[in-house]
Number of protein chains: 2
Amino acid sequence: MFKLNKCLILYPIRNNTMSQIELNDKKIQILNVAEKLFSEKGFEGTSIRDISKEAKINIAMVSYYFGSKERLLEALIFYKTVDLKLQLENLLQENLQPLEKVNKLIEIYVNRICLNKGIYRVLHFELYNKKREKSLEAFTELKKGNLKSVESIIKQGQTQGVFRKDINIQLITPTIIGTFFHFHMNRSFFEELLDLKTEEMFNNYIKNDLTKHIQQTIKALLVYEN
Amino acid sequence: MFKLNKCLILYPIRNNTMSQIELNDKKIQILNVAEKLFSEKGFEGTSIRDISKEAKINIAMVSYYFGSKERLLEALIFYKTVDLKLQLENLLQENLQPLEKVNKLIEIYVNRICLNKGIYRVLHFELYNKKREKSLEAFTELKKGNLKSVESIIKQGQTQGVFRKDINIQLITPTIIGTFFHFHMNRSFFEELLDLKTEEMFNNYIKNDLTKHIQQTIKALLVYEN
DNA sequence: GTTTAATTTAAACACTTGTTTAATTTTATT
DNA sequence: AATAAAATTAAACAAGTGTTTAAATTAAAC
């Protein structure tokens, strides 16, 4: 009856090489279910039968579309990380004060990880052991690109004399993402501690208080003089 | 020939209740292997056969000593988190300037997580979904205790007029631990980026640069005036 | 409408999983 | 040395794992 939506995703890997992945509605459906379950129960803790049950497809379809469970994970990572790099590169071009750019950078990070709640947990936990090389490679490229953007923004601020010059730029991202991630990984603890009863209250706390805390922290680090 | 070392570990759970766990050499051996493998391959990714092979014991011994794989995880968490609380409470009593205390607090955190590399990964990733209630409860109690210590130190600095008063104390720990944790979780990325070729170089970077970065960040946040 | 290709299915594959059993060996107690 | 308790073992258990197969169904191309 209806033709399947087909979509080609290109993602950069090492040495300016490009790789690609073809997506249709069914594949995307599987990827979304996989993200949800992987993030809830981990990669090993999720079976293909779990995925196919939740996605209401036959078990064989995962192998048919992605080849294997391992390659499903790869596809998932590529699918969910392509556009963050673009978003950061766009930020570089904007006509903003350095501090404004840093604040916006933080907002982008928080928003991205918030939107893709699941995948970042998977990324950090399943890629920790070096075995999944292909996925790891794409993730490493992403991080390198992000670092370049951060570097560029901060150096801009330094040449304008707004930021300190004895800053370890490479450790800025760990502080931004790490703070948010730790908060997110201890969600139920903070829900109880801060009395965040609903999903909405939790998200609002992130959007307001947590983001502000990170911005305040990074600002202090960047402009504070001993 | 030799009598087994026996050791009783008491750990606090909710409402001043105490629970206990008896440990002997063999149990500790199993726990150490379990920590290593859980942190490398995750809880679900590690089989009892993996553990018994590495620990050179029979498969049935895990069930015999701990009852089940799930209870092995619980025991592991209790075993590895008991003394952090004590360490922090001791810090409170020390006669130090507020900023010195904060710096020492950061050192304690970094050291602790560094020493128990494995368990913290397990703690964050396996306890994320709420199913493992018993383990989660002990972990929550630990975090509450830690927060109280941090709160006490910072309020001390505030009454002495050294620290700002508009600080979100509850988000200090996420920044400290989160920064370190993110660095640790992306170990291979930073090894390449910072050219840390040996285990020693990596640990030195943590001990010097990373710890300093966190201390610098928290100091700036605490004393910086807008 | 016929043929070819793509999709979907249930069943089977060999393998691994956590746990239990019952027998055996080692250690401790009397 | 005899007895009781604890530790250790190999084997078996049922259930779950990822993947493959070959047949059935649906869609596309001619």
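First the proteins, then the strands, lettered A, B, ... as listed; each starts at 1. Quick note: numbers below take in every heavy atom, side chains included, and nothing from hydrogens, waters or symmetry partners.
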Checklist entry - Please give, in whole Å, the distance from D/dT8 C1' to B/Y65 OH? => result 9 Å
Item to check | Whole-Å gap separating P (D/dT9) and NZ (B/K53) | outcome: 16 Å
Next on the checklist: So, does B/K26 get its side chain near the phosphate of D/dT8, meaning an N or O under 4.0 Å from OP1 or OP2?
Outcome noted: yes
Next on the checklist: For A/E199, is there an ion pair with A/R187 - N to carboxylate O distance below 4.0 angstrom?
Outcome noted: yes
Next on the checklist: Determine whether a donor-acceptor pair (N or O, by modelled atom type, separation under 3.5 Å) exists between the side chain of B/K101 and the backbone of B/E94.
Outcome noted: yes
Item to check | Between C1' of D/dA7 and NZ of B/K27, the distance in whole Å | outcome: 13 Å
Checklist entry - To the nearest Å, how far apart are B/I57 CD1 and D/dA7 P? => result 13 Å
Next on the checklist: Walk along nucleotides 18-23 of chain D from 5' to 3' and tag each nucleotide B, S or - by protein heavy-atom contact under 4.0 Å, base first, then sugar-phosphate.
Outcome noted: BBBB--
Next on the checklist: Measure NZ/A/K41 against P/C/dT17 and give the value in whole Å, please.
Outcome noted: 18 Å
Checklist outcome for this item: Residue set satisfying side-chain contact (heavy atoms from CB on, under 4.5 Å) with B/N90, at least two apart, ordered chain then number -> none
Checklist entry - Under 6.0 Å between ring centres, would you say that holds for A/F190 and A/Y205? => result no
Checklist entry - Partners of B/S39 by side-chain contact (heavy atoms from CB on, under 4.5 Å), sequence neighbours excluded? => result B/V122
Checklist entry - In this structure, are over 12 heavy atoms from other groups packed under 6.0 Å from A/E192 atom CD? => result no
Checklist outcome for this item: Separation of D/dT17 atom P from B/D50 atom CG, nearest Å, is 17 Å
Checklist entry - Do A/Q29 side-chain atoms and A/A55 backbone N/O form a donor-acceptor pair below 3.5 Å? => result yes
Checklist entry - In chain order, what residues pass the side-chain contact (heavy atoms from CB on, under 4.5 Å) check against A/I108, with sequence neighbours excluded? => result A/L84, A/Q87, A/L88, A/L91, A/R112
Item to check | side-chain contact (heavy atoms from CB on, under 4.5 Å) partners of B/K143, counting only residues at least two apart | outcome: A/N186, A/F189, B/F139
Next on the checklist: Output the rounded distance in Å from CE (B/M61) to P (D/dA7).
Outcome noted: 7 Å
Checklist entry - Taking a pair as Watson-Crick (N1 to N3 plus N6-O4 or O6-N4) or G-U wobble (N1-O2 and O6-N3), both under 3.5 Å, which stems of 3 or more consecutive pairs involve DNA chain D? => result C:1-30 with D:1-30
